[in-house]
Structures are given as C-alpha cells and as structure tokens.
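Keep in mind that what you see is a predicted model, and the values were worked out from it rather than measured. Labels below follow one simple rule: chain letters A, B, ... track the order of the sequence lines, proteins then strands, and each chain is numbered from 1. No hydrogens, no waters, no symmetry mates; every other heavy atom, side chains included, goes into these values.
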There are 2 protein chains.
Amino acid sequence: MPRAFAAGDEELVEAEHLIRDQMSGLDLDLQALAAVSNIFRAATAVRNHMERDVLAVHALSWTAFVVLFVLRVWGEQSSRDLAAEAGVTGGTLTGVLDTLERKGLTERSVHPDDGRKVTVRLTDEGVDAVDGVMPAFNVEEAKVTGGLTTTETNNLASLLRTVLRTTSELNQR
Amino acid sequence: MPRAFAAGDEELVEAEHLIRDQMSGLDLDLQALAAVSNIFRAATAVRNHMERDVLAVHALSWTAFVVLFVLRVWGEQSSRDLAAEAGVTGGTLTGVLDTLERKGLTERSVHPDDGRKVTVRLTDEGVDAVDGVMPAFNVEEAKVTGGLTTTETNNLASLLRTVLRTTSELNQR
DNA sequence: ACACTACTGTTTGGGTCCAAACGTCCGGTT
DNA sequence: AACCGGACGTTTGGACCCAAACAGTAGTGT
C-alpha cells in the first residue's frame with residue numbers, strides 16, 4: 001500500500017511533517033515544497049488513472065492523446081508549434097507522429113511555401129478517435145475533481161494558471 | 001513560442017474558451033477539464049524547468065531524484081514500497097536502481113528474513129547527493145510559486161491533496 | 001514431503017522522452 | 001552565383017516507463 005497515496009488529509013500532511021523533520025538542517029521553504037510536490041503527486045495519480053481506465057481501452061498513450069487533442073482543438077499546424085503546445089520536444093514528437101501515422105490517425109505534409117516546415121493534420125479517423133475518447137476522459141476528470149466544490153475547482157485552475165505563468169517566464173530566460 | 005504556455009491569465013483562459021467552442025457538441029464538464037489540464041500543464045512546465053536548471057547540473061533524472069528523495073526522507077525500505085512511494089512500477093524501479101547503483105548512490109541487499117524482498121538504502125554519497133541538490137531545488141520551488149501569496153500556496157497544496165485522495169480511492173477499485 | 005497459492009523483484013518488448021548531432025531548407029550578403 | 005547564419009524536422013544514444021511474462025521465495029494445506 002503506497003503510504004503517501006493512501007488515506008486522508010491527515011496522512012498526507014503527516015508526510016510533509018516527516019519531510020520537515022528529516023530535512024530540518026536545510027532551511028527549506030516547506031509551503032513551496034508541499035505545493036510543488038503535490039502538483040506532481042496529483043498529476044501522477046490522475047495520469048495513471050486515465051491511462052489505465054480510459055486511454056488503454058483505445059490503445060492510446062498519454063502523449064499520443066494530448067497530441068490528438070491539440071490537433072482537434074487548435075487545428076492543423078506545424079510540427080514545431082504542435083510540439084510546444086503538447087509539451088514535448090521536437091524529437092519526441094517525431095516518434096509519436098510515426099506511431100499515430102501508422103495507426104492512420106494523423107498525416108504529415110511538407111509546407112507548400114516553406115520546405116523546412118511540416119504541417120500535421122488529423123485524419124477523419126483521428127477526429128473520430130478524439131471525439132470517441134473525450135467524453136469518457138471528461139467523465140473521469142469530473143470524478144477526480146469530485147471532492148471539490150465548483151468554486152474550489154475554479155480556484156484550483158486559477159492558482160495553477162499562476163504557477164504556469166510564473167514558470168513559463170522562468171523558462172524563457 | 002508555445003501559445004498555451006506563454007503570456008498571462010487572459011490567454012490561458014482564452015485557450016479554455018477555444019476548447020469550449022471546438023468541443024461544444026460533446027457536453028463536457030469544462031471546469032473539471034480546465035482544472036485537470038492545468039495540473040498537467042503546470043506539472044510539465046515545472047518539471048522541465050527543474051530538469052534543465054537544477055537536476056541536469058547534477059546529472060540526475062527526475063525519477064532518480066524522486067527515488068533518492070524518498071529514501072532520504074523515509075529511510076531504507078523494500079523495493080516494492082519505494083516504487084509505490086515514488087509513483088513508478090516495480091519494473092521501472094529496477095532500471096532506475098541499476099542506474100543509481102552504477103553511480104554509487106544507492107545499494108540493494110536481500111532481506112535477511114524474507115528472500116523475496118530487497119532492501120534499498122542510500123549510500124553516504126547518495127545522502128550527500130540529495131542534500132547537495134535539495135536546497136537549489138527548493139529555491140526553484142519557491143520561485144515557481146512566487147506568484148502566489150503564502151495563503152494561496154497553502155490553499156493550492158490543500159486542494160491538490162483533495163484531488164490526490166479522490167484519485168487514490170478511484171485507483172484502488 | 002508434496003502440492004498449491006500468493007508475493008516479490010527482474011526481464012522483456014514496445015513505446016515514450018530528452019539533448020545533441022545531423023541534413024535540409026530559407027533568406028540575406030558578398 | 002556562392003556563401004552563411006538561422007530555422008526546421010529527423011536521427012541517434014541513453015534513460016525511463018508500463019504491462020505482461022518470468023523465476024524464485026514464502027506460507028498454507030494435505
């Protein structure tokens with residue numbers, strides 16, 4: 001039984017207290033530590049849940065789904081923009097697109113005006129794949145946030161936007 | 001320039017509106033969608049930042065650091081518990097421990113009372129590695145949460161604990 | 001003793017994932 | 001026309017990651 005992933009708030013907070021006790025010599029910002037590590041604990045738990053209960057049924061990896069979703073919402077675009085939007089490097093995207101293309105969900109074509117660029121687009125099967133998975137995916141999203149009120153859910157999204165914005169500015173330097 | 005990772009709240013919210021417009025036929029819970037996808041956007045951005053600006057200096061991967069950190073705080077433990085705590089499968093941990101052992105940061109030994117179990121512990125070099133990286137890591141944690149007040153940071157950690165607890169309960173079934 | 005079941009860590013195969021090296025292409029300069 | 005710096009996608013090498021198959025150990029029952 002994974003200790004930090006189990007049980008209620010008390011045990012999770014207890015884990016943070018243990019960190020404080022073990023690392024007391026290092027003078028750490030424990031609020032920041034708790035917030036950041038909870039972002040990752042939550043992301044890992046939710047991602048595992050989604051991969052096992054939703055994506056595995058459709059034989060899609062997490063990244064493959066994100067790429068398809070971005071293409072579905074933002075439309076066809078260059079490989080470079082797509083990689084940035086999906087949060088992976090260009091080299092990674094090449095491999096993911098190889099897989100998706102083999103499944104017939106996406107297609108690539110050289111940009112007519114710029115021979116360096118590659119335009120990526122969803123096939124009809126790709127559109128069907130996203131629209132087929134998305135409702136089930138969203139049901140699970142609603143479940144994992146089911147312990148929060150609507151106000152809290154919006155508040156969480158807003159706080160994370162602030163973290164995201166701050167981090168983006170740091171990464172740009 | 002990654003569109004969704006750039007700029008301020010307006011543009012991030014705008015991305016959520018685009019999703020609403022493009023997926024209007026699917027009747028989605030958009031609050032849940034925004035909260036969950038922001039968890040991943042934030043996690044990805046923060047992780048990339050940490051890997052590039054902190055971990056790369058010490059030639060540590062993200063997972064390797066998490067494993068070392070868990071061992072540092074919780075002490076020596078079985079491979080099974082360590083995997084659960086670090087959020088990876090047992091098979092993954094075997095490979096990570098191979099790498100860490102090659103670097104001399106951890107060591108494995110068969111449990112004296114149960115020949116199936118393997119006890120993993122930090123070497124002295126491993127302790128030094130964690131204590132050497134942790135302060136720099138925490139400084140960056142403070143930076144990425146720097147856009148939030150102390151109250152907001154604690155609130156974020158608390159909301160994420162609720163998501164984590166809810167998801168854990170889902171995963172146990 | 002013997003089977004039977006459950007548990008633990010490892011191996012395997014396929015798929016990400018990144019940084020860095022590479023080849024190609026564009027636009028402007030000489 | 002040949003060059004050159006920059007941008008783009010791909011390839012490469014090593015590490016990570018999971019599910020599933022595997023081998024060894026433990027405990028139970030017969």
Side-chain angles (χ1 to χ4, degrees), chain A residues 1-2 40 43-45 47-68 77-84 86-103 105-120 171, chain B residues 1 40 43-45 47-53 55-68 77-84 86-103 105-120 171:
Chain A
M1 180 181 61
F40 291 107
T44 302
R47 177 171 170 160
N48 284 344
H49 178 61
M50 293 301 190
E51 284 180 336
R52 276 203 284 266
D53 289 12
V54 182
L55 267 23
V57 179
H58 299 265
L60 284 174
S61 74
W62 177 269
T63 306
F65 173 71
V66 170
V67 167
L68 292 177
Q77 55 194 293
S78 71
S79 189
R80 172 185 162 72
D81 289 342
L82 180 55
V88 296
T89 61
T92 298
L93 184 60
T94 296
V96 173
L97 288 178
D98 288 344
T99 303
L100 286 173
E101 217 158 73
R102 203 162 50 237
K103 291 182 168 186
L105 302 181
T106 60
E107 54 188 15
R108 278 178 278 202
S109 59
V110 177
H111 194 287
D113 299 334
D114 190 334
R116 294 169 302 180
K117 292 187 181 175
V118 168
T119 302
V120 186
N171 282 340
Chain B
M1 180 183 60
F40 291 107
T44 302
R47 177 171 170 160
N48 284 344
H49 178 62
M50 293 302 189
E51 284 180 336
R52 278 202 283 265
D53 289 12
L55 267 22
V57 178
H58 298 264
L60 284 175
S61 74
W62 177 268
T63 305
F65 174 69
V66 170
V67 168
L68 293 177
Q77 55 194 292
S78 71
S79 189
R80 173 188 160 72
D81 289 342
L82 180 55
V88 297
T89 61
T92 298
L93 183 62
T94 295
V96 173
L97 288 179
D98 288 344
T99 303
L100 286 174
E101 219 158 72
R102 204 163 49 236
K103 291 181 167 186
L105 302 180
T106 60
E107 54 188 15
R108 279 177 277 202
S109 59
V110 177
H111 193 286
D113 300 333
D114 190 335
R116 294 170 301 183
K117 292 187 180 175
V118 167
T119 301
V120 185
N171 282 340

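- In this structure, the side chains of Leu100(A) and Arg108(A) stay at 4.5 Å or more apart for every pair of heavy atoms.
- Two residues are said to be in side-chain contact when any heavy atoms from C-beta on lie closer than 4.5 Å; Val88(B) and Val96(B) fail this criterion.
- For the pair Asp98(A) CG and dG9(D) C1', the interatomic distance rounds to 11 Å; values are reported in whole Å.
- Look at CD on Glu101(B): it is 13 Å from C1' on dG9(C), rounded to the nearest Å.
- Nearest heavy-atom pair, Leu82(B) versus Gln77(B), reported as atom, atom and distance to 0.1 Å: N-OE1, 3.6 Å.
- Remark: P of dG14(D) and CZ of Arg102(B) are 10 Å apart, rounded to the nearest angstrom.
- Nucleotide dC25(C) holds its C1' atom 12 Å from the NZ atom of Lys117(A), rounded to whole Å.
- Residues Leu93(A) and Val120(A) fail the side-chain proximity criterion, which asks for heavy atoms closer than 4.5 Å.
- Summarising the geometry, the separation between CG on Leu82(B) and P on dG9(C) is reported as 10 Å, rounded to the nearest angstrom.
- Thr94(A) comes within 4.0 angstrom of a nucleotide base, judged by non-hydrogen atoms across all strands.
- The separation between Arg80(B) atom CZ and dC7(C) atom C1' is 8 Å, rounded to whole Å.
- The distance from atom NE2 of His111(B) to atom P of dT8(C) is 11 Å, rounded to the nearest whole Å.
- We find the OG-CG distance between Ser61(A) and Leu68(A) to be 8.5 Å, quoted to the nearest 0.5 Å.
- Look at CZ on Arg108(B): it is 13 Å from C1' on dT8(C), rounded to the nearest Å.
- The minimum heavy-atom distance linking His111(B) with Thr119(B) is given by the pair CD2-OG1, 3.9 Å.
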Q: Spell out protein contact along nucleotides 16-26 of chain D as letters: B when the base is contacted, S when just the sugar-phosphate is, - when no protein heavy atom is under 4.0 Å; keep the 5' to 3' order.
A: SBBS----BBS
